[in-house]
There are 4 protein chains.
Amino acid sequence: MSIEILPTAKEPKRERGKQRVAALIDAGAELFAEKGYEATTMTEIAQRAGAAIGSLYQFFPSKEALAEALFNRYAERAAASFARVEELAPGRPARELADLLIDYKLALRTDRDATIALSSSVAGIVERRKPLGDALRGRIASILRAANRALSEDEAAAAAVIVSQVMKIVPALAATENERPLPLIGETRKLLALYIGEVLRT
Amino acid sequence: MSIEILPTAKEPKRERGKQRVAALIDAGAELFAEKGYEATTMTEIAQRAGAAIGSLYQFFPSKEALAEALFNRYAERAAASFARVEELAPGRPARELADLLIDYKLALRTDRDATIALSSSVAGIVERRKPLGDALRGRIASILRAANRALSEDEAAAAAVIVSQVMKIVPALAATENERPLPLIGETRKLLALYIGEVLRT
Amino acid sequence: MSIEILPTAKEPKRERGKQRVAALIDAGAELFAEKGYEATTMTEIAQRAGAAIGSLYQFFPSKEALAEALFNRYAERAAASFARVEELAPGRPARELADLLIDYKLALRTDRDATIALSSSVAGIVERRKPLGDALRGRIASILRAANRALSEDEAAAAAVIVSQVMKIVPALAATENERPLPLIGETRKLLALYIGEVLRT
Amino acid sequence: MSIEILPTAKEPKRERGKQRVAALIDAGAELFAEKGYEATTMTEIAQRAGAAIGSLYQFFPSKEALAEALFNRYAERAAASFARVEELAPGRPARELADLLIDYKLALRTDRDATIALSSSVAGIVERRKPLGDALRGRIASILRAANRALSEDEAAAAAVIVSQVMKIVPALAATENERPLPLIGETRKLLALYIGEVLRT
DNA sequence: AATGAATGAGTCTTCATTCAT
DNA sequence: TATGAATGAAGACTCATTCAT
């Protein structure tokens, strides 16, 4: 049982290359989201980015490496975005905490779908996803305990799991192609506020 | 009643054949759940079912046909299972309605993962999934309106979307490989009861 | 530094398959000998054997596996062939020993070139080649010591290295496309007889 | 004088360029010897020479051109080196002729491996190798006839083929990574002396 | 001149599907 | 009917070579 050391994305050295890399990751994100990881071909990705297949491989030595790069970008954006939530959270009532968390999800919508598609298909990502989720839940738990000192660690942890699951409804609603996702998101805010309210009251 | 283009699974005439078909669908379900639709090969499926690849094609003329058969089996089981919910629902308080719905999900756990894997990958299934989900939501809306006559159709429909999304937390919890999924399911029951309670109070 | 376990050739289960496998190995042997391992494509090999590329991969899961199978066939034939030499060697004078060894090489000519082409290119073969050569030299040394009891182990070992190198001249002569290789092979017999004579006289 | 179709290496004008060209050829020689012609990439060669891929193509318009340049260098060195042998050969006994020829091979050891790797892989070289070998054999035949006037042209030619083949044992011994190649080279001297002695005695 | 990104034809390999036995 | 060999289109990836900077 050896730890797979797969070659990772190569840093472009010239300015031109950076744009290329971004375009390629974007193309990958779109296609992975649309058709799934396996069904997306490297040729397609290169085409959508307006590059030759060779150029794609110049920067990403394998399909998996591209997936990893995409995942990393998502993880970075998510972390930065959640830091803002933590900053604003202290002292807020349940309703506002719920809104903060829902808005956080809304902001990440774009990369989300692509990353989800990866998590079940790419070996390296499956394992990297769990700690990321754990970290997120830990941070949610902290926010909850800060808001209600009476909460035990275990209670906060369990509530954080539920909160994170409710948050997942947001991108799911977008995926249903519902004509009126907005009122549904409002309804989700209500759901989350209800639950957090209950947790804080305990 | 449905627009069928694909050749569908051939009905096995003998008892022996039925077992084999069931074994093949089971094998497909397991593997699709484990590795995803694309990553699973027909040869693997045949092997796990202890059949030759030729036999697999005897009953299912294509990979897609097998996927469809699996989906159909799931849809039938789900429909039958939900009928029982509808039977027991009338007159129940929010808490009990929530439990009924959660238990429904719990019972379907097995085929669920495999079917999810299909829904994003197999063309024919993507389209068949939506009406199935719509039907489920419609039936949930009916239950809600039966429990609260003051609910408008639109309100009930929106609430049904949220309820169905909350129900999806149940299989998701199983997937997290959490050591203690039980308390979390309890927490999910609480969440759903809370929301349904709110809806019925409106 | 892990030991590479590469999947090996699959045994054909039907009679038809055995002929196929032999034809494929033959095609590989020819092409490897003609153009070298790297320059030969799997498609070419399949074509020359009158098979589809998929059929080639049915039996040999990789180019390397085909190379290995070819090497194994050569090693088996060589071992069997040399056993005959050992049987006939005892009591012979230098001249006849030399002829026996040259004839041994002559008989192996066919697979030889292909196998040589592999030995520098295929990872797994490089390592398997050395022990084979060591074994051959050991058996030559035994023959020499049986013919001359005065020979020390070291002396016999050194002489065996030289003898085996002289034997390599035989296929090399064929490769020079000389119009008259026969007299040259006679000359090689003389060379080897001269050297073995000297060794036995020591 | 030669029929040149391929564009050949460009002559570098400055001193700096000459060093770079030498470094590139050296890098090529090392890598061809280590991994073979086909398995060596132009990028690798440039890297090992500490140059950019563009620089490599500045001097050698194709991989084949680099191979040719390497071959030419080897051919020049070999010719120069053999001239020294011819100078010293007249009037020597068999034993000393043998030593002269073995020492010649020993001196050329370095480029030898790389050039061997080319000779089977590069179209242009395959053809250029034969005349070179013919020339060498011709010069060996001349030395033999000078030492023994009784030798017919054909006899000398045949003997020269054998002598040149025996000489090839020298680099082969180095390749066997034998811990004690020295005594084996001594043994090769003995073999060659034996044969040349026989030829001169005829 | 020097650099390294861009290109795309060509390779190995996989796998759904067909078909002879 | 059952079997598994045969097929070939399609996909990931490589690398000699070109070209803009």
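By convention in this document, chain letters (A, B, ...) are assigned in the order of the sequence lines, proteins followed by strands, and residues within each chain are numbered from 1. All heavy atoms count here, side chains included; hydrogens, waters and symmetry mates do not. Computed from a predicted structure; not experimentally measured.
- The distance from atom CD of A:Gln19 to atom P of E:dA6 is 10 Å, rounded to the nearest whole Å.
- Toward the 5′ end of DNA chain E lies the nearest nucleotide of C:Ala39, the other residue of the pair C:Ala39 and B:Thr41 mapping further downstream.
- When the nucleotides E:dT7, F:dA6, E:dA2 are ranked by their closest atom to the side chain of C:Phe59, F:dA6 comes out on top.
- As rounded to whole Å, 14 Å separates atom C1' of E:dT13 from atom CD of C:Glu64.
- We find that NZ of C:Lys63 is positioned 13 Å from C1' of F:dT14, with the value rounded to whole Å.
- Between A:Arg20 and E:dG4, a side-chain N or O to OP1/OP2 separation shorter than 4.0 Å is absent.
- Remark: P of E:dA6 and CD of A:Gln47 are 17 Å apart, rounded to the nearest angstrom.
- One finds no salt bridge joining C:Glu68 and C:Arg73 here, because no Lys/Arg side-chain nitrogen approaches an Asp/Glu carboxylate oxygen to under 4.0 Å.
- With a 4.5 Å cut-off on side-chain heavy atoms, A:Phe71 and A:Glu76 do not count as touching.
- Figure legend. E:dA20 is base-paired to F:dT3; pairs are counted as Watson-Crick or G-U wobble with both atom distances under 3.5 Å.
- For the pair B:Lys63 and B:Tyr57, the cation-pi criterion (under 6.0 Å, within 45° of the ring axis) is not fulfilled.
- Each of A:Glu38 and C:Leu56 was matched to the nucleotide of DNA chain F holding its nearest heavy atom; the match closer to the 5' end belongs to C:Leu56.
- Spacing between atom CE of B:Met42 and atom C1' of F:dG4 amounts to 15 Å, rounded to whole angstrom units.
- Across the protein-nucleic acid pair, B:Phe32 atom CZ and E:dA16 atom P stand 9 Å apart, rounded to whole Å.
- Nucleotide F:dT14 holds its C1' atom 13 Å from the CD1 atom of D:Ile53, rounded to whole Å.
- The listed nucleotides are E:dT3, F:dA5, F:dC13; the one nearest the side chain of D:Gln58 is E:dT3.
- Comparing B:Ser55 and D:Tyr57 by the nucleotide of DNA chain F that holds the closest heavy atom to each, the one mapping nearer the 5' end is B:Ser55.
- Between A:Val21 and A:Phe60, some side-chain heavy-atom pair lies under the 4.5 Å cut-off.
- Using N1 to N3 plus N6-O4 or O6-N4 for Watson-Crick, or N1-O2 and O6-N3 for G-U wobble, each under 3.5 Å, E:dA1 pairs with nothing.
- Between D:Arg129 and D:Thr115, the closest side-chain pair of non-hydrogen atoms falls below 4.5 Å.
- At whole-Å resolution of the value, OH in D:Tyr37 and P in F:dC15 are 13 Å apart.
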